[in-house]
> 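First the structure, then my questions, so here it is.
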Amino acid sequence: MTVSIYNTKSGKKEVFSPLEKGHIKLYVCGITAYDFCHIGHARSTLVFDMIVNYLRYKGYKVTYVRNFTDIDDKIIKRAREQHTTTEELANRFIDAFHEDMKSLGNTPPTLEPKATENIPEIIKMIEDLIANGFAYAVDGDVYYKVANFDEYGKLSRRNLDDMMAGARISINEQKQNPMDFALWKSSKPGEPVWDSPWGGGRPGWHIECSAMSRKYLGDSFDIHGGGKDLIFPHHENEIAQSEAASGKPFAATWIHHGFVTIKDEKMSKSLGNFLTIREILEKYPAEVLRFFVFSTHYRTPLDFSETAMKDAEAGLDRLNTCLAEISQLPKEGNPDQKSAAGKKNITKITSLTERFVKAMDNDFNSAQAMGHIFDAVKALNTIKQALPASPAESDLTLLHSGAKTIRELAAIMGLLKKDPLLYIKEKQDKIISRLDITEAEIDNLLQERNKAREQKNWARADEIRDQLLCHNVEIKDSSEGTTWQVKI
RNA sequence: GGCGGCGUAGCCAAGUGGCUAAGGCAGUGGUCUGCAAAACCAUUAUUCAUCGGUUCAAAUCCGAUCGCCGCCUCCA
């Protein structure tokens, strides 16, 4: 009935209930817009898309905010390299991001605020922090004073002393404590600049999320999410800022998803081992990527490989094949015919929704939920295979309603959205277009083969079949004649 | 060094105290076929990194060991 979510803050799975009945407020840290997004970013958006879809499926109203960081050091550096403005650069990659989201088939968030459009709110929050004794200004910069926030480290489960011992902190004379972090940075000549009580400058990275979540969701809200790498320092600092400014608890539940890895190493800009979303979508349909992402639990690392994508594609084909074949079955059955369905298989189909929901309620276990879908597919296939020439009314009803349920549930993950017959046809067409043989040539060869088969010249018939197979054309002999399809 | 996580069949991946250790891919066997292919069905872990411990009962809890990964610096 209720959803349980693993909360980073407590380190445990907790039964979830929103602060405001029936209405969930969710803030997710979005991208810094200075480059194309890679599949690690894709996983993030996909995971939260699935979570939001599921919560809405459960009947909640969900306000989903995902920000853009459109001003920071990396953007300034990249804009300079490209001889453009930070604004142009950021907008260009925000547009690219929106294109990627559309290609992936994600539902847009309720709001997508940008840091630069919320400067007054950011300044107000810094003023609050100074007034409350949690921040100090030095020569046009403003820093957060971590020593004054007793609970600093509560999210990432570390304490100031341990972090100091880690000692990979750059020395900054202006800071009272090396762990203090910038809320406002004074601008150097040529850098973008906004007026503030401390002089011209720009916001630090962490403060924008505190200011925007407060503006759009309030001081306290339900869920805050992002990648595991954001736990420290970004989210730790957000808590410190927001709670020190408001005196109220910040996000109740923290969701952090795992990384995408390549050969078991984190995909990252610095390692240069990343693949962009558009590179992947050139090779694979979006649903294949979605299938791949959701076949692993969101907190587990996800290792990207060609093999994994091929497996995902094969799995998706299996689902679509099943649904396509059922869709071609008649709607009306024979009321006098005996049912061909076994009790066990009927239960597998009728209990699908219940099992799916149970899996998803358990910390959005999409991998298990998909397992249940496949379980139902097997049952549908078994029944379908056992169907007599004039199938029973009850069997057809069961198959059609089972297929409908599968598509409804899969839609939560953004899967099986396309008509399955169309999916298969498009896939074939795409491959035919790349084929090194024309349809006319195929037809000619098939005619020749049919003649050979009539004469029982099996050697020649097999020879032609092998010849076509070399071109990836598979043929299928049946009582109604020979058909062909492209090997997929 | 501090903190966190992971190690389940050939590969991927659920399961976190007790019914037969989900599901997918690949493989093998079968149905079908002139033989095939496709599709479908069946089948594939006495065992969950290793070693101890707790318990009537552990993949699941505790401890140790080995291996891998992440955060502590920009990062989804």
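Numbered from 1 within each chain, the chains take letters A, B, ... in sequence-line order. What you see is a predicted model, and the numbers here were worked out from it, not measured in a lab.
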> Determine whether any donor atom in the side chain of A:Asp264 lies under 3.5 Å from an acceptor atom in the base of B:G7, or the reverse, and answer yes or no.
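Absent.
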
> With a 4.0 Å cutoff (strictly under), does any side-chain N or O of A:Thr300 reach OP1 or OP2 of B:A14?
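Result: yes.
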
> Any donor-acceptor pair under 3.5 Å between the side chain of A:Arg465 and the base of B:C35?
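Under the 3.5 Å cut-off, the side chain and the base do form a donor-acceptor pair.
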
> Give the rounded distance in Å between these two atoms: CG of A:Asp229 and C1' of B:G4.
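Going from CG in A:Asp229 over to C1' in B:G4 covers 14 Å.
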
> What's the gap between B:G67 and B:U50 when it is taken at their P atoms, as a whole Å value?
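One P to the other, the span is 15 Å.
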
> Classify A:Asp303 by what it touches in the nucleic acid, base, sugar-phosphate, or nothing, heavy-atom distance under 4.0 Å.
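The residue A:Asp303 makes no contact with any strand.
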
> Which whole number of Å gives the distance between the C1' atom of B:C61 and that of B:U54?
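Nearest-Å result for B:C61 against B:U54 at atom C1': 8 Å.
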
> Once hydrogens and angles are ignored, does a donor-acceptor distance under 3.5 Å link the base of B:G34 to the side chain of A:Arg449?
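Such a pair is found, so the answer is yes.
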
> Give me the distance, rounded to whole Å, that separates B:U31 from B:A13 when you measure between the C1' atoms they each carry.
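Between the two C1' atoms, the distance is 30 Å.
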
> Roughly how many Å apart are B:U60 and B:U16, using the P atom of each and rounding to a whole number?
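These two P atoms come out 12 Å apart once rounded.
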
> What is the distance, rounded to the nearest whole Å, between atom CD of A:Glu236 and atom P of B:C3?
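Distance, rounded to whole Å: 15 Å.
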
> Suppose you measure atom P in B:A39 against the same atom in B:C25; what distance do you get, rounded to whole Å?
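To the nearest whole Å, 10 Å.
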
> Determine the Euclidean distance between corresponding C1' atoms of B:C69 and B:G10; express it in Å to zero decimal places.
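To the nearest whole Å, 23 Å.
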
